[in-house]
Amino acid sequence: MISRRSFITKSSLVVAGIGLAKTGISTNSFQNNKLPIVISTWNHGLPANEAAWKVLSAGGHSLDAVEAGVRIPEGDPKVITVGYGGIPDAEGKVTLDACIMDEKGRAGCVTYLQHIKHPISVARLVMEKTPHVMLSGKGALEFALDNGFKKEKLLTPERKAHWKKWKKEKRQFSNKINIENQEIENHDTIGMLAIDKDGRISGACTTSGMGFKMPGRVGDSPIIGAGLFVDGEIGGAVATGSGELVMKTLGTFLVVELMRNGMSPSRACEEAVKRIAKKIPDYKQHQIGYIALNKDGEYGSFCIQPGFNFAVKTDEKTELEDAEAWLKKL
Ligand code: ASP
């Protein structure tokens, strides 16, 4: 887990041509940032933020920024937890979940989508072109194809070999981080929040879900209020980690509601993690990471296990920050 992450940290920094990651724990990233700002989960947030920044720095809308941003890991086969090249399910199928939401409260989602490299763009079309919020499986695929998306093979030779090995070893799927994920990370969604120069906030979340998941499984990432929630008057939040825990506590909706009631983004993320710790008996065997951004551009994060980081980009900084962890606090 650590090795892949630190490898990506180094390589992403080189690719992005930026300085050192901020290694200290961001106990409270509560600061007055000038707008625009974009934040996103994990190391792959660095190049994703760069793509979002192109839109934001040109004065574009945050909705275009988050879509452009998360399309980077979606299209990158080296990111094995999102889009093309993602780890398949137990039957060897790559099935994708994504959602998008803007400052007006408009939302679109796709779940269990196969063969389409950029589910986030399909989710946006669901939002903009249909009377619905969510399309799933075959219907989502047909909608994508009708709207000009190309059918593509998403399972790369590397992931096929990985899956075959997994099958041969007759291993069972488990989302518990201390069992299945020790050798190789099998989850790491990209969730992104951005505010443009006009103060409009949008969010996007996209994933291939838990590696080797049960066929048909859908996680929190495409569920509004679980994997992502945005309220234009308050702010937004995104989640990563074992989606089942986020769904059971409606995590990002909770974070935004706590911010509505006056909490800082960091405190709200901490409270949402504490809710999981209170309600879910085996939470210690899982990782959950939340990031949140309020409408003034103040951001924060919190997670269960040490090891969750997120990328921040403003006019003044381009960096990775480590989230504070509940288990370290105990
Ligand atoms: N939340 C995602 C899911 O449960 C996985 C992740 O974020 O790593 O599908």
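As the structure lists them, so they are numbered: ligands from 1, and atoms in each ligand from 1. Atom set for the values below is all heavy atoms of this structure, side chains included, hydrogens, waters and symmetry mates excluded.
- Here Glu67 contributes atom CD and His118 contributes atom NE2; the two are 9.5 Å apart, rounded to the nearest 0.5 Å.
- Where the criterion is an N or O separation shorter than 3.5 Å, residue side chain and backbone included, Gly241 meets it with respect to ligand 1.
- At least one N or O atom of Gly243, backbone or side chain, sits closer than 3.5 Å to an N or O atom of ligand 1.
- For Lys117, the side-chain contact (heavy atoms from CB on, under 4.5 Å) partners are Tyr84, Glu152, Leu154, not counting sequence neighbours.
- Heavy-atom contacts of Thr189 reach the following atoms of ligand 1: 1 (N), 2 (C), 5 (C), 6 (C), 7 (O), 8 (O) (cutoff under 4.0 Å).
- Close approach to Thr240 involves these atoms of ligand 1, each under 4.0 Å from a residue heavy atom: 6 (C), 7 (O), 8 (O).
- With sequence neighbours excluded, the residues forming a side chain to side chain donor-acceptor pair (under 3.5 Å) with Glu270 are Lys329, listed by chain and number.
- The Met210 neighbourhood of ligand 1 comprises atoms 9 (O), with distances under 4.0 Å to a heavy atom of that residue.
- The main-chain N or O of Asp188 is found under 3.5 Å from a side-chain atom of Thr81 such that the two form a donor-acceptor pair.
- Looking at every heavy atom in both residues, Leu141 comes nearest to Gln114 through CD1-O, 3.3 Å.
- Between Ala52 and Met192 the shortest heavy-atom distance is CB-SD, 3.9 Å.
- When all heavy atoms of Val70 and Ile190 are compared, the pair lying nearest together is CG1-CG1, 3.8 Å.
- Here the closest non-hydrogen pair linking Phe149 and Leu145 is O-CD2, 3.4 Å.
- When each atom of ligand 1 is checked for a heavy atom of Asp220 under 4.0 Å away, the hits are 1 (N), 2 (C), 3 (C), 4 (O).
- Of the listed options Lys213, Gln287, Arg217, Arg217 places a heavy atom closest to atom 4 (O) of ligand 1.
- Close contacts between ligand 1 and Ser221 involve ligand atoms 1 (N), 2 (C) [criterion: under 4.0 Å to a heavy atom].
- Each of the following atoms of ligand 1 lies closer than 4.0 Å to a heavy atom of Gly209: 9 (O).
- When only interatomic distances are considered, the shortest N/O to N/O separation between Thr207 and ligand 1 does not fall below 3.5 Å.
- Of the heavy atoms in Asp188, only backbone atoms (N, CA, C, O) come closer than 4.0 Å to ligand 1.
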